[in-house]
Colleague: 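Here it is, the structure, as structure tokens.
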2 protein chains.
Amino acid sequence: MRVITLNANGIRAAARKGLYPWLARQRADFVCLQETRAQEYQLADRCFRPRPFHCFYHDAEKKGYSGVAIYSRHRPDRVVHGLGWPGFDAEGRWLEVQVGRLNIISLYLPSGTSSESRQQVKFEVLERLLPYLKSLRRKRREYIICGDWNMAHKPIDLKNWRSNQKNSGFLPEERAWLDRLFDEAGYVDGHRVADPRPEVYTWWSNRGRAWEKNVGWRIDYQIITPGLRERVRRARVYTARRFSDHAPLIMDYDWPLPDGRGC
Amino acid sequence: MRVITLNANGIRAAARKGLYPWLARQRADFVCLQETRAQEYQLADRCFRPRPFHCFYHDAEKKGYSGVAIYSRHRPDRVVHGLGWPGFDAEGRWLEVQVGRLNIISLYLPSGTSSESRQQVKFEVLERLLPYLKSLRRKRREYIICGDWNMAHKPIDLKNWRSNQKNSGFLPEERAWLDRLFDEAGYVDGHRVADPRPEVYTWWSNRGRAWEKNVGWRIDYQIITPGLRERVRRARVYTARRFSDHAPLIMDYDWPLPDGRGC
DNA sequence: CTTGTTATG
DNA sequence: CATACCAAG
């Protein structure tokens, strides 16, 4: 089973850069996108419903802003839009499909870089999210929470960790939250299970020559329940081409899915 | 003496398309630009003060909107910003330099295409402008009023005149105003003096394939006082390259200027 | 369709 | 710096 997550930074821009022909060659079972930055009526072009996937979008109410999507090769038993938290849901940040015992989520956590008030929003979401994620652990289900978490965990997860300790995305409070996600709630960073190497990032600022110099951050994850830890086969970040300021994180799992019947 | 007029549709965009290297090769004495769409503080780059010209800008108060400029090889005796009409002047639509007995003006008449209320503004400007232009005729001076007049005069001046008789830019009232400008106020369409050919246009819509099909309008003029009629040597529209949705109108006059000393 | 604006990341 | 938006032409 192959799961791809990508912050598209505008699904229409990513499409212009060849995302969809590339996707068609990846044999993915699930594709989780974040920052679609479009409302579904703006995605009338057929390319935005790639075959053979079942395609789901959860848009922000504000035009051109945020929004997540999931493409699922397998018809989901259920699709969940949002978490029932009004402000968060209005920003199109959580979409979930259930296929058998497995739940796949596309999550786009708020960025705190634009203002102090947005950092407060990010903290409020985190505060509410941890208990919710803990509560999921009581179910007899496995979860793969794909997304742009907008936080790097450890010094190995970004190029310049020293100079970023006061910047949103690598604040001590954010790193401590990720500690709790792993140590207390028991989740696992799927990518790290398969790939312990440094200097593997998923996002590079557009400013300066961050990409050319690999001045990046690893802020896109596939966070998994522990029952999937032993099933991680492979993780890689696709950097041969650029569709966005983020790179796709492609993960393969040993998981018995029904045969993929297209839509 | 060479005078060039061009609606630049954003002087910064025109610069990216090579306007300034091209200008340097034209040996112009005066360059009149319209729709600079910039405020002077945004034109810090030295390219926007091309040598050896004396450069003058008259910006709109609204950012990114309207604005006119004149580059004069000869140090003007006087530079006039606006006509003293508050609403009109706030939109940066009139700039005038005086060199000896000659006045050169860069004029950008309002467009009426965006709304009925803007068409009313255009009519109000026209109503006020004609008496003003008539009053200039009482002076012992010659005038070259360069600009985007946003009106075609006769069927020969646009490709599809029949279908445009109800469209702003070829309304009967606008055409009648131009009749009065010529017949009553005595001004002369300099371009037409030198070039009677049809299908010579200065503006092509960006929509459709207007440029490729030469579906254009002649709405940029050098309007001259009758004393200059016999001094028109040549008029041509430069279409070998595109700097804007308008093309430069280049005119040569027999006029005794002092030797051009650069700034 | 294109320019330049603005908000957001 | 890039992707959206919007106003204007």
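Just so it is clear: chains get the letters A, B, ... in the order the sequence lines come, proteins before strands, and each one is counted from 1. Computed over heavy atoms, backbone and side chain alike; hydrogens, waters and symmetry mates excluded.
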Colleague: Can you list every side chain to side chain donor-acceptor pair (under 3.5 Å) pair that touches residues 86-95 of chain A, not counting sequence neighbours?
Modeller: A:Y65-A:R93, A:E91-A:R93, A:E91-A:R118, A:W94-A:E96
Colleague: Who passes salt bridge (Lys or Arg N to Asp or Glu O under 4.0 Å) against B:D179, sequence neighbours left out?
Modeller: none
Colleague: Just how far, in rounded Å, is P of D:dG9 from CG of B:L109?
Modeller: 12 Å
Colleague: Rounded to whole Å, how long is the line connecting atom CH2 of B:W203 with atom P of D:dA8?
Modeller: 18 Å
Colleague: Among all residues two or more places apart in sequence or in another chain, which pass the salt bridge (Lys or Arg N to Asp or Glu O under 4.0 Å) test with B:R192?
Modeller: B:D157
Colleague: Using whole Å, report how far CZ of B:F243 lies from P of C:dT2.
Modeller: 17 Å
Colleague: Base, backbone or nothing for each nucleotide of nucleotides 3-9 of chain C, written B, S, -, heavy atoms under 4.0 angstrom, 5' to 3'?
Modeller: BSSS-SB
Colleague: Return the set of residues passing ring-ring contact (aromatic ring centres under 6.0 Å, His included) with B:W177 (not counting sequence neighbours), or none when no residue passes.
Modeller: none
Colleague: Hey, does B:W204 have a side-chain heavy atom less than 4.5 Å from the side chain of B:N214?
Modeller: yes
Colleague: Roughly, in whole Å, what's the span from CD in B:E116 to C1' in D:dA8?
Modeller: 16 Å
Colleague: Looking at residues at least two apart in the chain, or sitting in another chain, which of them share a ring-ring contact (aromatic ring centres under 6.0 Å, His included) with A:Y108?
Modeller: none
